[in-house]
Protein chains: 2
Amino acid sequence: MALAHAILAALVEAPCSGYDLAKRFDGSVGFFWSASHQQIYRELSKLEDQKWISSETIQQAGRPDKKLYSVTGLGEQQLKEWIAQPCEPTPIKDDLLVKIFAGHVAPKETILAELEQHQKAHLEKLSIYEDLEQHYFQNPQELPEPQQFQYLTLLNGITYERHWLAWCDRVIQSLNQTKK
Amino acid sequence: MALAHAILAALVEAPCSGYDLAKRFDGSVGFFWSASHQQIYRELSKLEDQKWISSETIQQAGRPDKKLYSVTGLGEQQLKEWIAQPCEPTPIKDDLLVKIFAGHVAPKETILAELEQHQKAHLEKLSIYEDLEQHYFQNPQELPEPQQFQYLTLLNGITYERHWLAWCDRVIQSLNQTKK
DNA sequence: GGTCACATGTAACATGTTACATGATTCG
DNA sequence: CGAATCATGTAACATGTTACATGTGACC
């Protein structure tokens, strides 16, 4: 049920269309969830059937119509109840770690190349996150409450990327040592 | 396909039964993957059909028979090829972060209680990981290669848990400030 | 004339979760 | 005598991925 609630959380912050949601899940909402547009459209239909969200068709000049979705009273109630229910930390599932675990069956160069790719990707994410921090969250304590909460999820993204970067460094170092 | 490869990685390290695999996925293999016993049995059948693994039925005194699975030559080949294919960093999907993002719709006490629960859970994991490090990886450089790679996944687990702990601390602090 | 951004969808398949089902032995 | 551990499975359902499908307007 968590995709449903992630969508509710995004729509409570700002009503938007399925297309926009997909972009947000690929951007700032991506700090805590990811989903493809197909998943999003399917879930939006279901949520509308259940009356957790409602839509309004907006006509646009020179562009296809879009459905603007917003959370209903019932939907917000459901979100509140879901938040109050305890949940477990998300279990880890990570391809790169599987590769490292079985690292001895593959050539060292392959592993190193993959690690460097990941390091690069994490570095890029980190710099995007740090830019966001600079631009929008200079004085987080003075922002309205919803933004303060958003900032906390951004902070998680930042320390998450730093954790990966430090680990990649460490592994690359370790592999280069044993190679000699 | 990654569940298949996570199973191969575990079986290459040590052949075992489905039941044992389920326990390992809940323990040390859990540094990088998690799966329920139902998923594991289903995947094992498929892998055996494809001849990536083979099984041998072991009779035991006073206990049900068990099937001991090991990776075939073909299976190891497939694992190698999969490792060589580049992959993307795993996208984040985390219930707790959804809750924080939408934190303003719920009472602060609810959020705080949840954060403290998660902090506790992460602390427990961390201490298990640190114990493992103490017991098995005192001198990682002197261990055989496969164990050195395992140690690197354990290190990831350790920094991952520390990242979460630090973040929980930070969020709790922040919430307590605004409450006053 | 081709590609990109906008905008929404269907269908098939792979993966993951929850509940149900069985049956022996060991420990308290 | 009840619960836990050992051991393997089926079925139904929820979630996520990949491929396919459609159509306009803007930009180069």
Side-chain angles (χ1 to χ4, degrees), chain A residues 1-8 15-27 29-30 32-50 52-53 55-69 82 85 87-88 90-95 98, chain B residues 1-8 15-27 29-30 32-50 52-53 55-69 82 85 87-88 90-95 98:
Chain A
M1 291 284 140
L3 170 60
H5 296 94
I7 289 177
L8 289 178
C16 67
S17 68
Y19 185 85
D20 292 331
L21 259 185
K23 278 198 298 182
R24 291 173 67 197
F25 271 80
D26 207 48
V29 177
F32 58 86
W33 211 267
S34 61
S36 61
H37 84 272
Q38 296 83 346
Q39 256 193 296
I40 289 167
Y41 283 118
R42 181 169 53 182
E43 198 65 31
L44 284 173
S45 309
K46 218 193 289 177
L47 290 175
E48 197 174 9
D49 287 348
Q50 292 174 304
W52 293 17
I53 59 177
S55 68
E56 191 193 347
T57 304
I58 309 279
Q59 262 141 16
Q60 298 179 114
R63 284 195 191 164
D65 292 359
K66 69 173 171 182
K67 287 191 215 162
L68 188 75
Y69 289 98
W82 178 78
Q85 271 187 296
C87 65
E88 299 284 298
T90 309
I92 297 175
K93 275 193 183 182
D94 193 280
D95 286 2
V98 176
Chain B
M1 291 283 140
L3 170 59
H5 296 93
I7 289 177
L8 289 177
C16 67
S17 68
Y19 185 85
D20 292 332
L21 259 186
K23 278 197 299 181
R24 290 172 66 196
F25 271 80
D26 207 47
V29 178
F32 58 85
W33 211 267
S34 61
S36 62
H37 83 272
Q38 296 84 347
Q39 255 193 295
I40 290 167
Y41 284 119
R42 181 170 52 183
E43 198 66 30
L44 284 172
S45 310
K46 218 192 291 178
L47 290 175
E48 197 173 11
D49 288 346
Q50 292 175 302
W52 292 15
I53 60 176
S55 69
E56 191 194 347
T57 304
I58 309 278
Q59 261 142 16
Q60 299 180 113
R63 283 194 192 165
D65 293 359
K66 69 173 172 184
K67 288 190 215 162
L68 189 73
Y69 289 98
W82 178 79
Q85 270 188 296
C87 65
E88 299 284 297
T90 309
I92 296 175
K93 273 192 186 183
D94 194 279
D95 285 2
V98 176

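Every chain is numbered from 1 and lettered A, B, ... according to where its sequence line falls, protein lines coming before strand lines.
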Is there side-chain contact between [X] and [Y], with at least one heavy-atom pair below 4.5 Å?
{"X": "A/Ile58", "Y": "A/Glu56", "result": "yes"}
{"X": "A/His5", "Y": "A/Trp52", "result": "yes"}
{"X": "B/Leu44", "Y": "B/Lys67", "result": "no"}
{"X": "B/Ile7", "Y": "B/Phe25", "result": "yes"}
{"X": "B/Tyr69", "Y": "B/Leu21", "result": "no"}

Separation of [N] [atom2] from [X] [atom1] (nearest whole Å):
{"X": "A/Leu44", "N": "D/dT15", "atom1": "CG", "atom2": "P", "value": "14 Å"}
{"X": "B/Asp65", "N": "C/dT25", "atom1": "CG", "atom2": "C1'", "value": "14 Å"}
{"X": "B/Asp95", "N": "C/dT17", "atom1": "CG", "atom2": "P", "value": "12 Å"}
{"X": "B/Gln59", "N": "D/dA7", "atom1": "CD", "atom2": "C1'", "value": "14 Å"}
{"X": "A/Gln50", "N": "D/dA14", "atom1": "CD", "atom2": "C1'", "value": "13 Å"}
{"X": "B/Tyr41", "N": "C/dG16", "atom1": "OH", "atom2": "P", "value": "17 Å"}
{"X": "B/Ile40", "N": "C/dT15", "atom1": "CD1", "atom2": "C1'", "value": "13 Å"}
{"X": "A/Leu3", "N": "D/dC13", "atom1": "CG", "atom2": "P", "value": "20 Å"}

Interatomic distance, [X] atom [atom1] to [Y] atom [atom2] [nearest 0.5 angstrom]:
{"X": "A/Tyr41", "Y": "A/Ser36", "atom1": "OH", "atom2": "OG", "result": "11.0 Å"}
{"X": "B/Leu3", "Y": "B/Glu43", "atom1": "CG", "atom2": "CD", "result": "4.5 Å"}
{"X": "A/Asp65", "Y": "A/Gln59", "atom1": "CG", "atom2": "CD", "result": "5.0 Å"}

Please write out each protein N/O paired with an N/O of nucleotides 3-6 of chain D under 3.5 Å, distance rounded to 0.1 Å.
unit_1, atom_1, unit_2, atom_2, d
D/dC6, OP2, B/Tyr19, OH, 2.9

Exercise for the section: Starting from the 5' end of DNA chain C, give me the residue, B/Glu43 or A/Gly18, whose nearest nucleotide shows up first. Expected result: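 This one resolves to A/Gly18.
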Check this one for me: any side-chain N or O of [X] less than 4.0 Å away from OP1 or OP2 of [N]?
{"X": "B/Lys67", "N": "D/dG9", "result": "yes"}
{"X": "A/Lys93", "N": "C/dT15", "result": "no"}
{"X": "A/Gln39", "N": "D/dT15", "result": "no"}
{"X": "B/Lys46", "N": "C/dA14", "result": "no"}
{"X": "B/Lys66", "N": "D/dG9", "result": "no"}

Handout entry: Contacts of type side chain to side chain contact (heavy atoms under 4.5 Å, CB included), residue A/Thr90, not counting sequence neighbours
Key =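 Only B/Asp94 meet the side chain to side chain contact (heavy atoms under 4.5 Å, CB included) criterion with A/Thr90.
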Practice task
Look at all strands and tell whether B/Ser17 reaches a base, only sugar-phosphate, or nothing, counting heavy atoms closer than 4.0 Å.
Solution key: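 B/Ser17: backbone/sugar contact only, no base atoms under 4.0 Å.
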List every contact pair, protein side and nucleotides 19-21 of chain D side both N or O, where the distance is under 3.5 Å.
unit_1, atom_1, unit_2, atom_2, d
D/dA19, N6, A/Gln38, NE2, 3.3

Practice task
Tell me which of B/Pro91 and B/Arg42 sits closer to the 5' end of DNA chain D, going by the nucleotide each one is nearest to.
Solution key: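 The answer here is B/Arg42.
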Practice task
Decide yes or no on side-chain contact (heavy atoms from CB on, under 4.5 Å) for B/Trp82 and A/Val98, but give the supporting numbers first.
Solution key: CA-CA 10 Å; B/Trp82 178 79; A/Val98 176; 3.7 Å; yes
